[in-house]
> 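Before I ask anything, here is the structure I am working with.
Numbers restart at 1 for each chain; the letters A, B, ... are given by sequence-line order, proteins then strands.
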Amino acid sequence: MPEMNMIQAINDALRVEMERDDRVIVMGEDIGKFGGVFRATQGLYQQFGEDRVFDTPLAEAGIIGTAIGMALYGLRPVPEIQFADYIYPAFDQIVNELSKYRYRSGGQYSCPLTIRTPYGGGVKGGHYHSQSPEAYFIHTPGLKVVVPSSPYDAKGLLISAIRDEDPVLFFEPKRIYRAVKGEVPKGEYLVPLERATLVREGDQCTVIAYGAMLHMARETVDLATKKGIRCDLIDLRTLLPFDIDTILQSVQKTGRVVIVHEAPRTCGFGAELAATIGEKALLYLEAPVLRITGFDTPFPYTLEHDYLPDAPRVLAGIEKTLNF
Amino acid sequence: MSSRSLDLQGVSTTFTLTGEFEMQNIDINTIAQSDLQAVKQNHALTLLHEMLRIRRFEEKAAELYSLGMIRGFLHLYIGEEAVAVGAMQAFGQQDRIVATYREHGHALARGVPIRSLMAEMYGKANGCSRGRGGSMHLFDAGRRFYGGYAIVGGGLPIAVGLALADKLQSRPYVTACFFGDGAVAEGEFHESLNLAALWKLPVLFLCENNLYAMGTALARHQSQTDIAMKAQGYGFQGEAVDGMDVLAVEKATRRVADWVRQGKGPYLLEFRTYRFRAHSMYDPELYRTKEEVERWKERCPIATFQTWLRQQQLLADTTLAQIEAAVDHEIEDAIVFAEAGPSEPVEDLLRDVYTQEG
């Protein structure tokens, strides 16, 4: 089985789907001739031509609106927003048009499109190349929100997203685009949406993470194991709709929960997870659900590694919940 | 008025009283002169009939609104009927229509059945959007009607995408995108015109310039009030048309739709028109004078067309009475249909958020 990094796995997923289904169209800013600023679409323009891989102007509302029209009309567009920080001009199209199209037309129209976008910090990108805006979209019924953490999942989840009848926002953790490698099968395979996966097994605490944070959380959980603390580590993979069953099974076993994400704390996705766990598993809990997150500030430049959750903060959280 | 002509250009659209529509291809060269006159008359009366359907439908809707039968918001098209009716003549069944939030007229002219439209106004499950949307969110996939858009300008990039899908799949269709002058101030207008021109897409931008973005006059919201001219900035053509003249609207739209259909890229038509009623049902109209409204009412597209038809001896009093009676009957029937329709069951609250639940 070939070893790939996440960029290669995403590129491979796009190629596999484009070869299989000529309705799949890739579009975005500099994704064609240039191959994408992170090279995710490298070689696709040469292989599939400019009718299926096309460069767009810097017009995010136009890109997403156009993709909606294409999806309404028999195509399966995969628009790229170059950085998640640039998605806001398209917010109206995503939240007002895309997410509601099926609902407000009484089920007459579907919008099968997948928006790929690199997100997250840790690359010295500063305020506008580092944000994690997933919560805005998780708050939007009608969308699906997916965040892979490994090359294997990135490929399998992206193929599932492209084949899904509903719109999917596919947030790619750019910090680990090349830093994480793993075995990726050739050809097509699916990783189902809406299913979390248990990455580490333990019975004392449940750690929940996704995206780039998953790797830091795994190192922390392994560190905790050496200290004699046994944790479940859940990689959510799909944030909307999220896999509540896997979470509850773990919480019922451990009674303690630490949620990790790099987005700001207030109304971040951790808040929703904590509330849902409280509603559904209160009597299993031995301690308050803890959130280890980014801070309530615009994304910082020089202090980003103080902003981002790290192993000492997560380990302290695990110990705090155990000592409650 | 006498300078107007009825130019069929070989195609006529006839409407039956149930609101269904069918296209007829007529070869003018092979029909006798007396038949041509009949075809012209038939088409002219169809235009009149269609405008009257919209006018009476909306008058009734306003009445039902004040009775509390129709809720939510209600934006009347009264005064602008010539635009939807005239323009819609240019499009075939496979062409795509993207409308606005003031879209009862577009839906009716497109042939969305009046029963399902009235039921949608009532929010009933037998409405064209299953009662989900109401007045501003009319959809009809079977008639390629891609909705009302309550977010001003929201439909423009989507129309561009529909046209792009046609171009990529080598289909000979046109996407008609209606919007108001207010939408011209939105960023999506400019992004959409640029994309459509850049990619030479078969989309026809149809601006209904009724001179007010809600209550803000054109000159108070546009640095350049000549909207048709804006197309030039994107390297394609635009022109202004008298939006109170149904024949002028039809003629211009047919000509330009053919042009777009030939793969020559987008086109912008600016229909200069006027809204006789308030913006919505909650608008004291402090932003314009009664005199201004009265002056425009003298140009009522239905009254002036009727006058012209009489001058041409194409309209007899008995015919007009028959049309009016047919329209009244159709609307009363639609109300009965809507009132008898079921409400959406509460079990459907979460339906169609995602595909699986459907």
> Compare all side-chain heavy atoms of A:L72 with those of B:R96 and state whether any distance is below 4.5 angstrom.
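Counting from C-beta outward, A:L72 and B:R96 never come under 4.5 Å.
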> Given a strict heavy-atom distance threshold of 4.5 Å, which part of B:F145 is in contact with chain A: side chain, backbone, both, or neither?
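Only the backbone of B:F145 comes within 4.5 Å of chain A.
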> Going by the angle between their ring planes, with limits at 30° and 60°, are A:Y101 and B:F139 parallel, tilted or perpendicular?
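Taking B:F139 first and then A:Y101, their aromatic rings stand perpendicular (interplane angle over 60°).
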> Taking atom CZ of A:R195 as the centre, does the number of heavy atoms from other residues, nucleotides or ligands within less than 6.0 Å exceed 12?
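Atom CZ in A:R195 is not packed in, count stays at 12 or less.
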> Between B:E120, B:R132, B:E188, which has the largest tally of heavy atom pairs under 4.5 Å with chain A?
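Greatest number of close heavy-atom pairs with chain A: B:R132.
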> Among B:A141, B:A165, B:G155, who wins on heavy-atom pairs under 4.5 Å with chain A?
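That would be B:A141.
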> Taking only heavy atoms into account, what residues of residues 80-93 of chain A are found under 4.5 Å from chain B?
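Answer by number: A:D92, A:Q93.
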> To the closest 0.5 Å, what do you measure between CG (A:D51) and CH2 (B:W199)?
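If we round to the nearest 0.5 Å, A:D51:CG and B:W199:CH2 are 11.5 Å apart.
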> Report the distance from atom CG of B:D352 to atom OH of A:Y109, rounding to the nearest 0.5 Å.
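The distance works out to 13.5 Å.
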> Only one of B:V160, B:L201, B:L162 passes side chain to side chain contact (heavy atoms under 4.5 Å, CB included) with A:T66; say which it is.
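The residue from B:V160, B:L201, B:L162 that satisfies side chain to side chain contact (heavy atoms under 4.5 Å, CB included) with A:T66 turns out to be B:V160.
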> By number, which residues in residues 15-28 of chain A have some heavy atom less than 4.5 Å away from chain B?
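Heavy-atom contacts from residues 15-28 of chain A to chain B are A:I25.
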> Looking only at heavy atoms and a cut-off of under 4.5 Å, which of B:L198, B:D140, B:V98 has the most pairs with chain A?
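Answer, by heavy-atom pair count under 4.5 Å with chain A: B:D140.
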> Using heavy-atom distances under 4.5 Å, tell me whether A:E97 contacts chain B through its side chain, its backbone, both, or neither.
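Answer is side chain: those atoms of A:E97 sit under 4.5 Å from chain B.
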> As an exercise: rank A:P167, A:G65, A:S99 by heavy-atom pairs under 4.5 Å with chain B and give me the winner.
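Most heavy-atom pairs within the cutoff with chain B belong to A:G65.
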> Please classify the contact between B:E344 and chain A as side chain, backbone, both or neither, with a heavy-atom cut-off of under 4.5 Å.
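Neither part, no heavy atoms under 4.5 Å.
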> Is the number of heavy atoms from other residues, nucleotides or ligands under 6.0 Å of B:Q224 CD greater than 12?
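Enclosed: over 12 neighbouring heavy atoms sit under 6.0 Å from CD of B:Q224.
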> Starting at CE of A:M70, measure out to NZ of B:K167 and round the result to the nearest 0.5 Å.
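Separation between the atoms: 12.0 Å.
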> Can you name the residues of residues 190-197 of chain B that have some heavy atom under 4.5 Å away from a heavy atom in chain A?
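Answer by number: B:E191, B:N194, B:L195.
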> Do you know which of A:L58, A:L143, A:I64 has the most heavy-atom pairs under 4.5 Å to chain B?
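Among A:L58, A:L143, A:I64, the one with the most close pairs to chain B is A:L143.
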> Where do A:R102 and B:T355 come nearest, in terms of heavy atoms and distance?
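The pair with the smallest heavy-atom distance is NE-CA, 3.5 Å.
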> Once you round to the nearest 0.5 Å, how far does OG of B:S129 lie from CZ of A:R104?
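Going from the OG atom of B:S129 to the CZ atom of A:R104 covers 9.0 Å.
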> Between A:S105 and chain B, with a heavy-atom cut-off of 4.5 Å, which part of the residue counts as in contact: side chain, backbone, both or neither?
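Both backbone and side chain of A:S105 come within 4.5 Å of chain B.
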> Mind checking what makes side chain to side chain contact (heavy atoms under 4.5 Å, CB included) contact with A:S132, not counting sequence neighbours?
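Partners of A:S132 under the side chain to side chain contact (heavy atoms under 4.5 Å, CB included) test: A:Y119, A:E134, A:E262, A:A263.
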> Over 60° means perpendicular and under 30° means parallel, so classify the ring planes of A:Y73 and B:Y146, tilted if in between.
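Tilted.
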> Given the options B:C128, B:P157, B:G131, which has more heavy-atom pairs under 4.5 Å with chain A than any of the others?
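Highest number of pairs under 4.5 Å: B:P157.
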> Under a 4.5 Å heavy-atom cut-off, does chain B meet the side chain of A:N96, its backbone, both or neither?
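A:N96 touches chain B through side-chain heavy atoms alone.
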> Between A:Y103 and B:L349, what is the shortest heavy-atom contact and its length?
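Taking A:Y103 first and B:L349 second, the nearest heavy atoms are OH-O, 3.2 Å.
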> Does OH belonging to A:Y189 count more than 12 external heavy atoms closer than 6.0 Å?
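It does: A:Y189 OH has more than 12 such atoms within range.
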